[in-house]
Participant: 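Let me give you the structure first, and then I'll get to my questions.
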Amino acid sequence: MKLLIKGGRVIDPANNFSDVADILVEDRKIIASGLDLKATEEAEIIDASGKLVVPGFIDMHVHLREPGLEAKETIATGTRAAAMGGFTGVACMPNTKPVIDNQALVEFIKCRAASEGVVNVFPIGAITKGSDGNELAEIGDMKMAGAAAISDDGHPVMNAQLMRLAMQYASMFDMTVISHCEDTNLVADGVMNEGYFSTIFGLKGISRLAEEVMVAREIMLAELTGAKVHIAHISTAGSVELVRQAKRKGLKVTAEAAPHHFSLTDEAVGSYDTNTKVNPPLRGEDDVKAVKDGLRDGTIDVIATDHAPHTQEEKDVEYNYAPFGMVGLETAVGLAFKELVIPGILSVEELVQKMSVNPALILGLDKGHLTPGSDADITIIDPNLKEIVDVKKFASKAKNSPYDGWELKGLPVATIVGGKVVMYNRALIG
Amino acid sequence: MGLNRKDLLGIRDLSVEEIRLILDTAEPMKEIIGREIKKVPTLRGKVVINLFYEPSTRTRTSFELAGKYMSADTINISTSTSSVVKGETLKDTAKTLEVMGADVVIIRHSATGAPNILSKYISASVINAGDGFHEHPTQALLDMYTIKEKIGGFEGLKVAIVGDVLHSRVARSNILGLTKMGADVRVIGPATLIPPEIEKLGVSPFTCIEDGLRDADVVMVLRMQLERQQKGLFPTIREYARLYGVTTDRLKLARPDALVMHPGPMNRGVEISPEVADGVQSVINEQVTNGVAVRMAILYLLTGGGNPHETIN
């Protein structure tokens, strides 16, 4: 199977390349890139003129919900949503039922992904057994089975000593520890950002400090242990500043931001639309600005969606009773263009850095570049294509998105995984 | 004319003109309550449903009487007798009430925003009878009616609200309503029970009750809920009463003719001393009477309106 992608603007930051070029793919690999490549007769040709041809995007924070929560999402539907969103790979969080906390379960995810999935799936293992914050999970075993990182996402490790041990232990395997930073005592039973809007909407607030004290703790532990620590879904101005200082000190601390934290504020909660209920919560205008500044100056390395599917029945309830989370795979690229690229906060090269190069580096994957000989994971984006978001058309099983009806411009038009076209012209293939 | 809206979900959505219309319409309603035969045919053939997910005596009875005085068919559903205990969702309950032909659904719910959600699912009018610690608009309107009746207006009036403002929907609705009408509102309570960024609502917070009560025209006392102490928001009821209880001595700091209000039910000896509750400045019982009148006005205005005098007489 051969594929020739012709005439697109190839953006390959890892190789310092950004210019018009062709890419030739053969047997799952990129075999050449350059001007006026000639295809042999049997090659399929994709005309990419006017489009951006970039190393496949990787969403390093996704909930695929399988095993155990298949009513919300499955590996089959979640990876199709990823393909529609221009992602050639996703890292899936271990808070399934059961929790992915041992080798057998990591292998289960990989098997299901191979048989049911359409994009690469990189399982993330739990830090503690059952993610209950008591004992370390078999981190070494999971690494050998193919876990890309460890995290107790959704269940913050409140015991600082245990987190310290986890960081020391993970360092032996050069694994990144991904921390969902949230002091559960400070959160109490809050449901939205604490401030003016929580006061007038009459909902219990979640202080910014609930995140920031944990970010500060993780940075101090990273300094102590020398571990690679990645701060998930950073949402406050204070957290951004803490990470900025940690980077100045030279610590191995990285951070990600989710599209909803740079495109919406807590004012949106006023509709009592439970699709705005997310953890960490939508914050204030100053926080949104700080997240954008952090993305611009490099403090925030990655854009990741925290794609969190829930059923309509779970979300069609009173705000306090609804689960936290929103889907994000199918709107991420469009929102990044709308909020970051079009206003000039990020260049397209920087966007590729944050959605492909950096996630690959943090997860220790040989991905995120278009070097000849590498896996042919490629995303093609039409920066001028417009579309109105329609949740009913999502490939994801879940429709819990607050962006229904938004017009987005700058959308993925092809997703190529290991040389196979899985999405083309905004439709799944096969 | 009626209110040009389907629902009454909160004071936040109401204009000054709408608040005035409700308060003016409540006046002839109060006259009906004083009659020998308390019944007018205004809402004959209308179905009013009280859907209460939280226990309530005062508000539920007040709405029920308001409907009955105007000849509506009123029905009460409380969580202990409905299919809610069987796990029915608010959405399904709403659909059921809709197809049974409800004209007005009055909802009280412990979850903030439940009335907003209900109003999206049904074409009947929805009245918020208290949701979470969000709003309790009919309580604020009856409080405003009482203030207007006793004092005459709101402009420049100093109103002190004392107690657990953080968890009080009564306080929120009163703050929003009274500031709209031009009053100068202060809130008084322990720092742990003052909502964040409350100043942005145009009110001044006080942690010292003596400072907050000084020269007040109205002292509105909130009910202290005992479970707040259990959550560690203040140490003991005893200390709360000592620091924030409205006593005869403290009341002297307010204007001599200041009104004392309480939405009920009272914890005598905790947030309010019995002498103050039963004193000459207290209008607590009038609040209850006015509650029926104001709710009659709201039911009437939401179901179509017309000149209240013509229809009623």
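Quick caveat: nothing in here was measured; it's all calculated off a predicted structure. Below, all heavy atoms of this structure are taken into account, side chains as well, without hydrogens, waters or symmetry copies. Chain naming here is simple, since letters A, B, ... match the order of the sequence lines and numbering starts at 1 in each.
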Participant: Find the distance between CG (A:Leu64) and OG1 (A:Thr74) and round it off to the nearest 0.5 Å.
Facilitator: 8.0 Å

Participant: Which bit of B:Lys91 comes within less than 4.5 Å of chain A, counting heavy atoms only: side chain, backbone, both or neither?
Facilitator: side chain

Participant: Strictly below 4.0 Å, N to O, side chains only: are A:Arg283 and A:Glu211 in salt-bridge contact?
Facilitator: yes

Participant: Hey, which of B:Glu135, B:Lys200, B:Glu197, B:His134 has the most heavy atom pairs under 4.5 Å with chain A?
Facilitator: B:His134

Participant: In terms of heavy-atom proximity below 4.5 Å to chain A, should B:His167 be classed as side chain, backbone, both, or neither?
Facilitator: neither

Participant: Looking at A:Phe197, A:Tyr272, A:Tyr319, which has the largest count of heavy-atom pairs under 4.5 Å with chain B?
Facilitator: A:Tyr272

Participant: Evaluate the side-chain proximity of A:His61 to A:Met93: yes if any heavy-atom separation is below 4.5 Å, no if none is.
Facilitator: yes

Participant: State whether a side-chain donor-acceptor pair under 3.5 Å links B:His262 with B:Glu271.
Facilitator: yes

